[in-house]
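We count residues from 1, following the sequence as given.
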Amino acid sequence: MPGTTPQPTSAPRTRSWWGWGWADAHPDDAECAAMGALVPGTLAHPLPVPRVRDLDIERPAVEPPAGLAHLVATGPEERAAHAMGKAYRDVVRALRGRPGRIPDLVARPTDEREVADLLDWAGERQVAVVPYGGGSSVSGGVEYRGDAHRAVLSLDLTAMGRVLEVDTVGRAARIQAGTLGPSLEDQLRPHGLTLRHFPQSFEFSTLGGWLATRAGGHYATGRTHIDDFVQSLRVVTPAGTSASWRLPASGAGPSPDRMFLGSEGALGVITEAWVRLQERPTHKASASLAFTDFHAALDAVRAIAQSDLSPANCRLLDGGEAALSGASHDGSAVLVLGFESADGPVTARLGQAVDLARSHGGRPGSVDGADAANSDAAVSAWRSAFLRMPYLRDGLARMGAVAETFETAATWDRIPGLIEAVRKEVGDAALKASGHPATVNCRLTHVYPDGAAPYFTVLAAGRPGDEVAFWDDLKAVASDVLHRHRATITHHHAVGRDHRPGYDRQRPDPFALALRAAKTALDPRGILNPGVLVD
């Protein structure tokens, strides 16, 4: 046979060790400078992209266990990449060459037995174990702080990344916890099924991470938290393995799954789960509406949330957020609506939702034909900005700007006052601390009949060299506002270490007592993700 010319193969993409996502997707110096020019008081030139070889990384304080050494990496690149999550304060620390405690070892177990063996070894040697999925935490959930343990092991679950079993009759699947979002969907696609859970971190996060942090996903209404999809869990703890029954529902006492959902690796390591699936949607429709009055837009969203229409997407962007995403340029707030179904057309439901929004002053687009292009452009601009925003945040961080988000949830009666208080008090604190005005934008990401989840974006000039402390001060102001308005410290970003002060104030004392008892019983040597949820 005649020979064939080998086709060139492209090099595999690599993850950024210091910032969000893919290393080749970050803004270049020119784009960083252009963005920085829009934020008064930022640096004249971007900070250089950090390099692992410039970090002072000490030799590991412990040797990996002999029988499991083949699972363990000790190289500086692997260790630096597992030192932090992807919050603004993590990015800035990397840019300034101060990433904090770098794990001594990175282990990638391939099954439950290896997870248990690693926990046994770590307990015997007082090595802290930080469970790690995709590393996309934005609340300090995957790093070690302090010096109470002789060494730190980052337990990377991504080698456990398979869909093990699919029940097409009951529309469910048994999936390993280290399965990344795209791989999970790829493995379900041949069965015509989908989990349909799409957090913003979807590309770089795992099923186990979603479960451990009670992640919020694609749906703005209805089933949105990963909790809603769980049938059962398997969790390896130092005290043994917890395996709940796979059931559609149960009233048999407190749910064992609920104890581990949101436990952030402090009580055990989630290794697999049975999750509910659905058919892949084939019918989709979307529209956008503009509002000159943000409070009227809030009323419109509440009316839609309290109807039985159940849009998949119902996101309200205030004027600043709409401008930032390119969805609006005249100061209008923008409501993005989307419906989807595997069963039949959804245009009628979209039309009803648009009518509800119109009755509260919304100016519709795509249902009127003539404005369809404008509406489609607004929806497309929002989607593109949604995926691109974390990369732009990192670019602004290189310019010395504070560019970060935080989110919450509260009942409808508190929403208007909460949003106004956050805008004013965080903005005032930034101006006082930096001497430059800050931008505080808001969008609603998830809505319920009884309340909503506001998501805030803060853009401000930081204090050069002191950006982390500056952001921590602003976050403390925001947390005080949330507490006063009885708004949760987090709706879907998890507690981690950054939200611990707010979480400690929010949870009831008897529950804190029970949580500490559970921690002591399941993790008697205190090695699992120390500092998360409880001490």
Apply side-chain contact (heavy atoms from CB on, under 4.5 Å) to the pair His26 and Val49, showing each step before the final yes or no. CA-CA 10 Å; His26 282 265; Val49 173; over 6 Å; no

Evaluate the side-chain proximity of Leu38 to Leu459: yes if any heavy-atom separation is below 4.5 Å, no if none is. no

If you compare all heavy atoms of Val39 against all heavy atoms of Ala461, which two are closest, and at what distance to 0.1 Å? CG1-N, 3.9 Å

Measuring from atom CD of Glu264 to atom OG of Ser137, what distance do you get when rounded to the nearest 0.5 angstrom? 7.5 Å

Taking atom CG of Leu444 and atom CG of Leu335, what is their separation to the nearest 0.5 Å? 9.0 Å

Shortest non-hydrogen contact from Tyr455 toward Gln200: OH-OE1, 4.1 Å

Test item: Glu407 side-chain N/O and His492 main-chain N/O as donor-acceptor pair under 3.5 Å: yes

Please step through side-chain contact (heavy atoms from CB on, under 4.5 Å) for the pair Leu337 and Leu289, ending with a clear verdict. CA-CA 8 Å; Leu337 290 170; Leu289 299 99; 3.7 Å; yes

Regarding Glu321 and Arg315, does a basic nitrogen lie under 4.0 Å from an acidic carboxylate oxygen? no

Report the relative orientation of the aromatic rings in Trp210 and His197; use parallel for angles under 30°, tilted for 30 to 60°, perpendicular for over 60°. tilted

Tell me if a side-chain donor or acceptor on Ser328 pairs with a main-chain N or O of Ala322 at a distance below 3.5 Å. no

Leu356 vs Leu309 side-chain heavy atoms within contact, under 4.5 Å: yes

Could you tell me whether the side chain of Tyr219 reaches within less than 4.5 Å of the side chain of Arg196, counting heavy atoms only? yes

Donor-acceptor pair, distance only, cut-off 3.5 Å: does the side chain of Arg98 make one with the backbone of Arg93? no

Starting at CE of Met84, measure out to CH2 of Trp17 and round the result to the nearest 0.5 Å. 6.0 Å

Short side-chain to backbone donor-acceptor contact, Lys86 and Gly19, under 3.5 Å: yes

In short, Cys442 meets Arg423 closest at the heavy-atom pair CB-NH2, 4.3 Å

Give a yes or no on whether Asp147 atom CG has more than 12 heavy-atom contacts from other residues, nucleotides or ligands under 6.0 Å away. no

Minimum heavy-atom separation for Trp18 and Ala94, please, with both atom names. CB-CB, 3.7 Å

Between Asp504 and Arg500, does any side-chain N to carboxylate O distance fall below 4.0 Å? yes

Counting C-beta onward and ignoring hydrogens, is there a side-chain heavy-atom pair between Val346 and Glu340 closer than 4.5 Å? no

Quick check: does any side chain N or O of Thr488 sit under 3.5 Å from a backbone N or O of His491, one acting as donor and the other as acceptor? no

If you apply the rule side-chain hydrogen bond (donor to acceptor under 3.5 Å, both in side chains), what do you find for Arg349 with Ser341, and how did you get there? CA-CA 11 Å; Arg349 281 193 288 151; Ser341 172; 4.7 Å; no

Does the separation of the ring centres of Phe204 and Trp22 fall below 6.0 angstrom? yes

With rounding to the nearest 0.5 Å, note down the distance linking CG in Asp299 to CZ in Arg302. 5.0 Å

Treating Gln306 as the side-chain partner and Pro449 as the backbone partner, does any N or O pair qualify as donor plus acceptor under 3.5 Å? yes

Residues Arg398, Asp28: salt bridge by 4.0 Å N-O rule: no

Donor-acceptor check, side chain of Glu467 to backbone of Arg89, threshold 3.5 angstrom: yes or no? no

Flag the pair Asp227 / Arg258 as yes when at least one side-chain heavy-atom distance between them is below 4.5 Å, and no otherwise. yes

Distance-minimising heavy-atom pair for Gly21 and Tyr391: CA-OH, 3.4 Å

Given the options Val422, Ile489, Thr490, Phe406 meets side chain to side chain contact (heavy atoms under 4.5 Å, CB included) only with Val422

Please tell me if the side chains of Trp20 and Asp90 come closer than 4.5 Å, counting only heavy atoms from C-beta onward. no

Could you go step by step and tell me if Asp330 and Thr292 meet the side-chain contact (heavy atoms from CB on, under 4.5 Å) rule? CA-CA 9 Å; Asp330 62 0; Thr292 55; over 6 Å; no

So for atom CG, which belongs to Asp509, do other residues, nucleotides or ligands contribute more than 12 heavy atoms lying within a distance under 6.0 Å? no

Would you say that Leu267 contacts Asn529 through its side chain, given a criterion of any heavy-atom pair below 4.5 Å between the two side chains? no

With a 3.5 Å distance limit and no angle check, can you tell me whether Asp156 reaches the backbone of Val106 through a side-chain donor-acceptor pair? no

For Val92 and Val468, the nearest pair of non-hydrogen atoms, with its separation, is CG1-CG2, 3.9 Å

Kindly say whether Tyr144 contributes a backbone atom to a donor-acceptor pair with the side chain of Arg101 at under 3.5 angstrom? no

Judged by modelled atom types alone, do Arg505 and Ser479 share a side-chain donor-acceptor pair under 3.5 Å? no

Any donor-acceptor N/O pair, His225 side chain to Arg214 backbone, under 3.5 Å: yes

Just say parallel, tilted or perpendicular for the rings of His82 and Tyr132, cut-offs at 30° and 60°. tilted

Distance only, no hydrogens: is a donor on one side chain within 3.5 Å (strictly under) of an acceptor on the other, for His295 and Glu420? yes

Taking atom OG of Ser154 and atom CD1 of Ile102, what is their separation to the nearest 0.5 Å? 12.0 Å

Full working for side-chain contact (heavy atoms from CB on, under 4.5 Å) between Arg443 and Thr457: CA-CA 8 Å; Arg443 66 182 184 266; Thr457 300; 3.8 Å; yes

Any carboxylate oxygen within less than 4.0 angstrom of a Lys/Arg side-chain nitrogen, looking at Glu404 and Lys475? no

Spacing of OG1 belonging to Thr194 relative to CG belonging to Leu188, to within rounding of 0.5 Å: 6.5 Å

Would you mind reporting whether His493 and Asp498 have side-chain heavy atoms less than 4.5 Å apart? no

Does atom CZ (Arg486) have a neighbourhood of more than 12 heavy atoms from anything else shown, all under 6.0 Å? no

Lys432 bridged to Asp428 by N-O distance under 4.0 Å: no

